[in-house]
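The shown structure was predicted, so the numbers you read here are calculated from the model rather than taken from an experiment.
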Amino acid sequence: MKKAYFMLFIMLFALIPVKSVYALEKDQQYSIGDIVGSFQKSNAKMVIILKDYERRTIPVYEVNDELCICVEDLQYYGYKMTWDQKNRTTSLTFSDRERTGTTHFVKNRGNILYTDISVFIDGIDVNGYNIGGYTLVKISDLQAIPDLYFSREYGEQEKFQVKGKILLPQGDVAPKAGLNGKIIKYDYGYKGSPEKVSEVSFYIPENKNYCDYTTTIAPFQFLGYELDDQYGYYNGSLFEESGKPLEHYKIYTTILNDYRVNYDDFNIYIFKTAQLSGKLTINHLTNEYPGQIRTIYILAEEINGSGEIMEAITVPTEQTEINYSMPVIADKEYNLKFYATRYASITSQYHLWAGPAPPLLFSGYYSSKGFVTEKSQGDILMVDKQGIQNINVVIEPSNILQ
C-alpha cells in the first residue's frame, strides 16, 4: 500500500474541480495559472475498456490519492479531440480513429493550475485538473460516460493497509461497559455470496461514539461487522438464521475503491434499523400453477446507490393478500420495489438459485398514486428510526406481466 504523499499546504484545494474554484471558495480569488494543488504519476495498472470491449492499458496519475487519466491520452484510444478557443472548451468524442494506446506519461509530477477551461467527453461535462498543457480527470468522474469503462488490475500478492473508525450512528454512544464486536473480513464466494475469511475483535469504550482500527485486505475482499443483538443495532450478519447468505449485502459492508491509492479513512459504520411494513394485494391471479408456491420480493433500494435490502416471502400461488415487515437501515432514503415469481425456485446446496430465473408475475415500484413500473415514477421514502407502516400496494390486472 502506498503511503500518503507529502502535499503542499494548499492541497486542501486539490479536491475542488479547478474550473469551479470561484463558486466553491467565494472568499478566495484565483487568477489563471495560480497553483491550487499537485499531482504525480502512479504505479497503479489501469485498463480502459472501449465501446467494442477492446481492452488496453492507460497511464494513470494521482491527485490527492485518487486515480486520474490525462484526457489528451484518449486520442490514442479512438477519441477525436477538438479545441474551441472562443468558448474555452476541450471536447473529445469517440470515433473510428486508430487505437494504438500509450504507455507514455506526459509528466511525472507537478502542480495543478487554476483554469477556466471546460472539458467534455462524448458531450458530458467533466471536472478537469490543468497541469500545464494537459488536463487530468478523475476516473471516478468518468463513470457517467456511456460505453467508457475502466478496470484496475492488481498484482497476485498485492495487499492494502486499511484503517479508519468503527462508528456508531451519529449522536449515539456506547453503553455502560462499552460495546464489543468483531470486524469480519470477507471474500466473494459462490455466485458472489459472502464468504468469511477472518475476524478480529473491536471495542468501543463507554460513552464513546467510535474506536479506531487497522488491518490489511487483498483486492476484492471487503469488511463488515458483527454485534450481539443486545445492543439494539443491526447485528451485521450477512447470513440468515438458516445459514443462507444474503443476496443483497453491499449496503452493510465497506469495500475497496479501485480508483484510490490510499485507504486511511476506511470507516466501518454500525447501523440502526427501522421497520417498513404494509400489505401487498394481488387483484389478479393466474391458474397456471395451482397448488404451488411463489416468492414475493420486496427490495428497498437506497437512492444514493449504497446498496439494497431484500425481503423474500414464499406464499401459496392462490394467496391474494400478503402482509410484510422488513428491517432497513434508518435515516436513509429508499425506493421500494415489489416483484413476484409465477412459481417458486428451488435453492441449490449452496442455498442460492443455480438455474434460470423463474418468470415474473409482476415487477414495479411503490407509489402513493398506485403501483408503477418505472423507478422514476415511484415515491422516495425517508425512513427515520420510527420506521414507516401501512406501505400498501395493490397489483391490478394491468400490472400482470404477459
Side-chain angles (χ1 to χ4, degrees), residues 146 191-194 238 240 244-252 273-329 332-348 350-383 387-402:
K191 293 182 74 70
S193 62
L238 303 188
E240 298 177 4
K244 177 182 177 181
L246 300 181
E247 292 186 42
H248 300 271
Y249 56 83
K250 173 187 171 185
I251 195 169
Y252 301 118
T273 57
Q275 292 293 125
L276 295 181
S277 62
K279 182 168 68 174
L280 175 70
T281 301
I282 305 174
N283 278 344
H284 172 80
L285 286 176
T286 63
N287 295 318
E288 54 189 331
Y289 302 105
Q292 295 194 32
I293 58 175
R294 69 163 44 92
T295 305
I296 309 292
Y297 296 94
I298 304 105
L299 195 66
E301 301 176 343
E302 204 275 326
I303 65 168
N304 292 319
S306 63
E308 307 91 12
I309 299 169
M310 187 177 74
E311 183 77 10
I313 305 171
T314 299
V315 299
T317 54
E318 292 83 6
Q319 187 169 335
T320 60
E321 293 188 351
I322 301 98
N323 293 311
Y324 72 90
S325 182
M326 63 182 295
V328 297
I329 297 173
K332 288 182 178 289
E333 294 180 308
Y334 300 91
N335 290 111
L336 204 57
K337 183 177 183 179
F338 293 81
Y339 60 104
T341 60
R342 290 183 176 270
Y343 56 85
S345 59
I346 301 174
T347 55
S348 71
Y350 297 98
H351 306 290
L352 292 169
W353 174 244
L360 293 180
L361 183 68
F362 60 82
S363 178
Y365 289 84
Y366 167 78
S367 165
S368 56
K369 298 179 180 179
F371 190 69
V372 295
T373 57
E374 299 295 330
K375 180 189 291 191
S376 60
Q377 300 172 322
D379 287 2
I380 294 176
L381 303 175
M382 175 59 206
V383 183
I388 305 178
Q389 293 76 44
N390 297 317
I391 307 174
N392 301 322
V393 174
V394 177
I395 305 301
E396 302 290 358
S398 60
N399 301 133
I400 300 300
L401 299 175
Q402 300 301 316

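- Taking CD from E333 and CD from E302, the interatomic distance works out to 8.0 Å, rounded to the nearest 0.5 Å.
- By the 4.5 Å heavy-atom criterion applied to side chains, T281 and T320 are not counted as neighbours.
- Rounding to the nearest 0.5 Å gives a distance of 12.0 Å between CD of E311 and CD1 of I296.
- Residues I400 and R342 are in side-chain contact: their nearest non-hydrogen atoms beyond the backbone lie under 4.5 Å apart.
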ask   = Step by step, would you call Y334 with I309 a side chain to side chain contact (heavy atoms under 4.5 Å, CB included)?
value = CA-CA 10 Å; Y334 300 91; I309 299 169; 4.1 Å; yes

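- Pairing each heavy atom of L336 with each of Y324, the nearest pair is CD2-OH, 4.0 Å.
- With contacts defined as side-chain heavy-atom distances shorter than 4.5 Å, the pair I380/N335 qualifies.
- V328 is not listed as a side-chain neighbour of I251, based on a closest heavy-atom distance of 4.5 Å or more.
- Atom-to-atom distance recorded for L299:CG and F338:CZ is 10.0 Å, nearest 0.5 angstrom.
- Contact between E318 and Q292 at its shortest, heavy atoms only, is OE1-O, 4.3 Å.
- Scanning both residues, G305 and K250, for their nearest heavy atoms gives O-NZ, 3.5 Å.
- Side-chain atoms of R294 and V315, non-hydrogen and from C-beta on, do get closer than 4.5 Å to each other.
- Residue S363 comes nearest to L401 through the heavy atom pair N-CD1, 4.2 Å, listed as atom of the first residue, atom of the second, then distance.
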query = Between Y366 and L276, does a side chain to side chain contact (heavy atoms under 4.5 Å, CB included) hold up when you go through it step by step?
reply = CA-CA 12 Å; Y366 167 78; L276 295 181; over 6 Å; no

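- To the nearest 0.5 Å, atoms CZ (F371) and CG (N399) are separated by 5.5 Å.
- Of all heavy-atom pairs spanning I313 and N323, the tightest one is CD1-O, 4.0 Å.
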message = As a quick check of understanding, evaluate side chain to side chain contact (heavy atoms under 4.5 Å, CB included) for I282 and I322, giving each step before the final call.
response = CA-CA 9 Å; I282 305 174; I322 301 98; 4.1 Å; yes

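- Using bins of under 30°, 30° to 60° and over 60° for the plane-to-plane angle, the ring pair Y297/Y339 lands in the parallel bin.
- Summarising the geometry, atom OG belonging to S193 is positioned 11.0 Å from atom NZ belonging to K244; distances are rounded to the nearest 0.5 Å.
- Separating the CD atom in E301 from the NZ atom in K375 is a distance of 4.0 Å, to the nearest 0.5 Å.
- Checking side-chain atoms of N392 against main-chain N and O of G278 turns up no donor-acceptor pair under 3.5 Å.
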ask   = Does the pair K332 and V383 meet the rule for a side chain to side chain contact (heavy atoms under 4.5 Å, CB included), with working shown?
value = CA-CA 6 Å; K332 288 182 178 289; V383 183; over 6 Å; no

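- When every heavy atom of P327 is checked against every heavy atom of T273, the shortest pair comes out as CB-CB, 4.4 Å.
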